[in-house]
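Values below: every heavy atom of this structure, side chains too, minus hydrogens, waters and symmetry copies. Lettering of chains follows the sequences in order, A, B, ..., and the numbering in each one begins at 1. Owing to the predicted nature of the structure, the values given are computational and were not obtained by experimental measurement.
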2 protein chains.
Amino acid sequence: MEVDSTKMLMQKRLKVTPQRSMVLNLVREGGHFTGEQIYRLMKKKMPGISLSTVYRTLETLEANELISSFEVSGMKWFESKMESHINVFCVNENKIIDIDLDTSWLLEELRKKGIKGNKVSIVVQSICDSKVK
Amino acid sequence: MEVDSTKMLMQKRLKVTPQRSMVLNLVREGGHFTGEQIYRLMKKKMPGISLSTVYRTLETLEANELISSFEVSGMKWFESKMESHINVFCVNENKIIDIDLDTSWLLEELRKKGIKGNKVSIVVQSICDSKVK
DNA sequence: TAGTAAATAGTAATAATTATTAAGTAGGAT
DNA sequence: ATCCTACTTAATAATTATTACTATTTACTA
């Protein structure tokens, strides 16, 4: 995993810093994170990390299409770049779960209507069953 | 329209105030608005209106399902309650356009998977042709 | 390994939204 | 129709997430 992230950064001609590698690794492990959450997780292994670095790094990684983001609950959420899925924001637990569902037809329909969307987010707000991962 | 909004508020057992009526009328006329935009539009006809009132009113109207909202570009956008459509955020113009597309199947699929979503938003970020309304 | 452009840590600033509170008002009871 | 009271408003303060700034440090290049 460590090697992969390094390669990914190098392929994008980005400088490989420990901060960038760690942010990318964290997000690529899976799940959904806010900037603050990433920051708290990183502090455990890299106590000197700065919150502004976390945000700037997330921005850079997204601009380089290594991760993606969407907005819900007044916050930006980051996740590993992946296709066709729906993010369900559990209002009762303040977390996101992924629902596997092919949405490529949607992009196709939009394309037919002349919308070449560069970023699509489907977010459902729902009360979730806490037994579900 | 004025009468309709009044009726709508009364049916929800909400006090009918000039501020509420005007916010509801504005949103129901169509389009997409941020809190700030509603505020600026309202000031023309009701100069004493307060920004906090606008936000609180929008919150109340949404809680009573008279309007709906979604998030993109670091802001909350409000629109009239309507079914099956996709909001396209034009990054080059900082505005939203509606794309008519039936998405009821999506809700059905989610229901099958046990997600009884109470709020769905499909947002596409795209560079828009300014000739399009 | 030395030089330099880019990245980081720390902190200040910003922007959107929410909370607070004293004063005003809508709508039911009298 | 007027009075009462709980709800609403205006004004402003506070909050929260994120971005901007700047001096220092570091990753890569030559």
So the disulfide (SG to SG under 2.5 Å) pairs with at least one residue in residues 21-69 of chain A (sequence neighbours excluded) are none
The complete set of ring-ring contact (aromatic ring centres under 6.0 Å, His included) pairs with one or both residues in residues 101-125 of chain B, sequence neighbours excluded, reads A/W105-B/W105
To the nearest angstrom, the CG-C1' distance between B/L9 and D/dT9 comes to 15 Å
From CD of A/E71 across to P of C/dT17 the rounded distance in Å is 11 Å
When rounded to whole Å, the CZ to P distance for the pair B/F33 and C/dA16 reads 17 Å
Given protein heavy atoms under 4.0 Å, the one-letter contact record of nucleotides 17-30 of chain D, with B base, S sugar-phosphate only and - none, is simply SBBB------BS--
For a quick test of reading the model: is some side-chain N or O of A/T53 closer than 4.0 Å to OP1 or OP2 of C/dA9?
yes
Axis-to-axis angle across the helix from C/dT1-D/dA30 to C/dT30-D/dA1, five pairs each end, nearest 10 degrees, ~ 40°
When rounded to whole Å, the CE to P distance for the pair B/M42 and D/dT9 reads 9 Å
Hits for salt bridge (Lys or Arg N to Asp or Glu O under 4.0 Å) against B/K119, two or more places apart or cross-chain, chain-then-number order -> B/E62
Rounded to whole Å, the CE-C1' distance (B/M46 to D/dT8) equals 13 Å
- Message: Does the plane of the ring in A/H32 sit parallel, tilted or perpendicular to the ring in A/F70? Use 30° and 60° as the thresholds.
- Response: perpendicular
Distance col, row B/I67:CD1 vs B/T57:OG1, nearest 0.5 angstrom, shows 9.0 Å
Separation of C/dA7 atom P from A/R13 atom CZ, nearest Å, is 14 Å
Sorted by chain and number, sequence neighbours left out, salt bridge (Lys or Arg N to Asp or Glu O under 4.0 Å) with A/E59 holds for none
From NZ of B/K43 across to C1' of D/dT9 the rounded distance in Å is 14 Å
